[in-house]
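Some notes on the structure that comes next.
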Amino acid sequence: MDNKQIIVVSQQGTGDFVTVQEAVDSVGIEPVVIQVEPGIYKEKIVIHKDLPPITFLGKDQKNTILTYDDNAHTLGDDGSPLGTFRSASLFIYAPDFMMENMTIVNSSGPGTGQAVAAFVDADRALFRKVRFLGDQDTLYTGPGRQYYDHCYIEGDVDFIFGPATAVFDHCHIHCKRKGGYITAASTPENEEHGYIFLDCVVTGGDGVENVYLGRPWRPYAKATWVRTKMDASVHPSGWHNWGDLEKEKTSRYSEFGSYGPGANDMERVTWAQLMSKEEASELTPDFVLGGLDQWQPAKRSARV
């Protein structure tokens with residue numbers, strides 16, 4: 001790590017702060033690492049857009065937990081429902097945010113409606129060995145470039161959604177609901193890439209079946225699955241048009257090298273594509289996410 005300031009958060013009082021938000025609020029103009037000790041931190045956390053690069057670093061992924069339980073129907077301070085975009089447990093607006101070895105939860109529960117765990121509205125956001133736990137709308141990927149490396153993401157309906165260009169590298173995607181939907185992309189028309197899943201695993205819970213890889217939240221939605229192991233929970237047709245035939249004309253859904261019981265080239269919808277080996281080989285994190293600033297997230301580390 002490049003001589004960044006280290007701030008320690010510990011519920012036991014052995015660090016600099018006992019809550020994560022207090023640590024964030026203490027950040028000045030220099031990049032910092034906020035080292036979070038194991039514990040369950042029930043608080044809504046906001047990383048404001050004017051903050052410098054911040055890294056959240058946990059020591060124990062499964063026991064370092066950021067959690068809250070708001071959902072779209074929860075009443076805010078003004079007496080009106082929060083709605084989807086104010087329901088999150090963690091809000092990230094500042095660019096160059098990094099998180100490693102932690103868990104983010106929205107514990108509102110199944111059937112409570114949209115309930116976001118992480119609201120990521122930032123460019124060059126990087127998550128490594130992070131668990132995202134929730135039900136409907138677990139992970140919102142806002143405008144910008146995002147990289148998810150060896151993460152675990154679970155939910156039931158549209159639980160990875162938004163307009164980001166995002167790479168999910170060696171991630172485990174788990175659907176908890178029969179007839180659920182994994183992605184709901186809203187990729188802008190002028191963006192070359194939406195969601196790229198590389199060497200991932202897709203599973204369903206006990207008795208879960210007929211799960212769709214994605215449906216287009218907006219026209220021009222884009223999602224690609226490359227060399228992904230899919231269990232029998234995946235619906236043979238793979239993709240859903242969200243009840244709008246026009247979206248079949250603009251959405252770009254594709255696969256290459258899917259394998260396992262849920263891989264079914266012959267029964268996928270006719271408006272999805274099978275990529276060639278050459279096309280798939282181009283979809284590296286650096287190529288998809290590099291941009292004009294040549295961002296290379298796969299080479300970054302949060303280790304102190």
Give me each pair satisfying salt bridge (Lys or Arg N to Asp or Glu O under 4.0 Å) with a member in residues 10-38, each pair once, sequence neighbours excluded. Glu37-Lys59
Residues Pro163 and Pro188: closest non-hydrogen pair is O-CD, 3.5 Å
Would Phe56 end up clustered with Val130 when hydrophobic side chains under 4.5 Å apart are linked, directly or stepwise? yes
Give the intermediate values and the outcome of side-chain hydrogen bond (donor to acceptor under 3.5 Å, both in side chains) for residues Thr284 and Asp286. CA-CA 5 Å; Thr284 65; Asp286 288 351; 5.7 Å; no
Look up atom CD1 in Ile47 and atom CD1 in Ile54, then write down how far apart they are to the nearest 0.5 Å. 5.0 Å
Is there a side-chain contact between Leu66 and Val105, using heavy atoms and a 4.5 Å cut-off? no
Going through the distances and angles, do Glu248 and Asn241 end up as a side-chain hydrogen bond (donor to acceptor under 3.5 Å, both in side chains)? CA-CA 6 Å; Glu248 295 183 7; Asn241 66 9; 2.8 Å; yes
Does Lys44 NZ have over 12 foreign heavy atoms under 6.0 Å away? yes
How close do Ser87 and Ala115 get, heavy atom to heavy atom, and via which atoms? OG-CA, 3.7 Å
Less than 6.0 angstrom separating the ring centers of Phe132 and Phe159, yes or no? no
Do NZ/NE/NH1/NH2 and the carboxylate oxygens of Lys249 and Asp244 come within less than 4.0 Å? no
Residues Thr138 and Gly155: closest non-hydrogen pair is OG1-CA, 3.7 Å
Do Asp149 and Lys129 sit within salt-bridge range, that is, some charged N less than 4.0 Å from a carboxylate O? no
Mind checking whether Leu139 and Val120 have side chains closer than 4.5 Å, heavy atoms only? yes
Mark yes or no for whether Glu267, through its side chain, and Asn264, through its backbone, hold a donor-acceptor pair below 3.5 Å. no
For Arg218, the salt bridge (charged side-chain N to carboxylate O under 4.0 Å, His left out) test, sequence neighbours excluded, returns none
Straight-line distance of Asp50 CG to His48 NE2, nearest 0.5 Å: 7.5 Å
Could you tell me whether a side-chain N or O of His235 sits under 3.5 Å from a main-chain N or O of Ser237, the two making a donor and an acceptor? yes
Other members of the hydrophobic cluster containing Tyr68, with the 4.5 Å side-chain heavy-atom rule, please. none
Any donor and acceptor pair, going by atom type alone, linking the side chain of Thr64 with main-chain N or O of Gln61 inside 3.5 Å? no
So with a 6.0 Å cut-off around CD1 of Ile40, is the heavy-atom count from everything else above 12? no
Decide yes or no for Ile65 and Tyr41: does some side-chain heavy atom of the first lie under 4.5 Å from some side-chain heavy atom of the second? no
May I ask whether Leu283 and Val167 are part of the same hydrophobic cluster, defined by side-chain heavy atoms of I, L, V, M, F, W, Y residues being less than 4.5 angstrom apart, directly or through others? yes
If we only count heavy atoms from C-beta on, is the Val202 to Val234 side-chain gap below 4.5 Å? yes
Value for CZ (Arg227) from OH (Tyr259), rounded to nearest 0.5 Å, stands at 9.5 Å
Judged by modelled atom types alone, do Ser258 and Glu255 share a side-chain donor-acceptor pair under 3.5 Å? yes
Asp231 (side chain) donor-acceptor with Gly204 (main chain) under 3.5 angstrom: yes
State whether the side chain of Gln146 and the backbone N or O of Asp123 hold a donor-acceptor pair below 3.5 Å, judged by distance alone. no
Shortest non-hydrogen contact between Asp69 and Ser108, atoms and distance: O-CB, 3.7 Å
Ring geometry between His170 and His150 (parallel below 30°, tilted from 30 to 60°, perpendicular above 60°): parallel
Ile29 atom CD1, neighbour heavy-atom count above 12 within 6.0 Å: no
Quick check: do Asp265 and Leu274 have side-chain heavy atoms less than 4.5 Å from each other? yes
Do Arg86 and Asp70 sit within salt-bridge range, that is, some charged N less than 4.0 Å from a carboxylate O? no
Exercise: identify the closest heavy-atom pair between Val208 and Ser233: O-CB, 3.4 Å
Residue list, side-chain hydrogen bond (donor to acceptor under 3.5 Å, both in side chains) with Thr141, at least two apart or on another chain: Tyr195
Please answer: with hydrophobic residues joined when any side-chain heavy atoms are less than 4.5 Å apart, are Val32 and Met102 in the same cluster? yes
Quick check: are there more than 12 heavy atoms from other residues, nucleotides or ligands sitting under 6.0 Å from CZ of Arg177? no
We want to know whether Thr203 and His172 form a side-chain donor-acceptor pair, criterion being a heavy-atom distance below 3.5 angstrom. yes
Checking Ser281 side chain against Glu278 main chain: does a donor-acceptor pair fall under 3.5 Å? yes
Main-chain N/O of Leu289 paired with Arg124 side-chain donor or acceptor, under 3.5 Å: no
When clusters are formed by joining ILVMFWY residues with side-chain heavy atoms under 4.5 Å apart, either directly or through shared neighbours, do Leu213 and Trp271 land in the same one? yes
Minimum heavy-atom distance Ala118-Ile104, with the two atoms named: CB-CD1, 4.1 Å
So do the side chains of Val9 and Ile34 get within less than 4.5 Å of each other, counting heavy atoms only? yes
His193 versus Thr165, side-chain donor and acceptor atoms under 3.5 Å: no
Asn190 atom CG, neighbour heavy-atom count above 12 within 6.0 Å: yes
When the ring planes of Trp239 and Tyr253 are compared, do they come out parallel, tilted or perpendicular, using 30° and 60° as the limits? parallel
Shared hydrophobic cluster for Met275 and Tyr220 (ILVMFWY, side-chain gaps under 4.5 Å): no
Would the distance check show the side chain of Lys176 and the main-chain N or O of Gly134 forming a donor-acceptor pair, the cut-off being under 3.5 Å? yes
Option from Asp156, Val157, Ile160, Ile153 for which side-chain contact (heavy atoms from CB on, under 4.5 Å) with Ile182 holds: Ile160
Residue pair Tyr147 / Asp169, side-chain heavy-atom distance below 4.5 Å: yes
Hey, does Ser10 have a side-chain heavy atom less than 4.5 Å from the side chain of Val18? no
Rounded distance [0.5 Å steps], CE in Met99 versus SG in Cys151: 10.0 Å
Test question: given the 4.5 Å side-chain rule for I, L, V, M, F, W and Y, name all other residues clustered with Phe85, or answer none. Val46, Phe91, Tyr93, Val116, Phe119, Tyr140, Phe161, Trp217, Trp242
I'd like to know if Arg215 and Asp158 make a salt bridge, using a cut-off of under 4.0 Å between side-chain N and carboxylate O. yes
Would the distance check show the side chain of Asn101 and the main-chain N or O of Gly58 forming a donor-acceptor pair, the cut-off being under 3.5 Å? yes
Taking side chain to side chain donor-acceptor pair (under 3.5 Å) as the cut-off, I'd like each qualifying pair that reaches into residues 179-188, sequence neighbours left out, listed once. none
Do we see a donor-acceptor contact under 3.5 Å between the side chains of Ser89 and Thr67? no
First locate atom CG of Asn71, then atom CG of Asp135, and finally report the distance between them rounded to the nearest 0.5 Å. 10.5 Å
From Phe97 CZ over to Asp121 CG, what is the distance, rounded to the nearest 0.5 angstrom? 13.5 Å
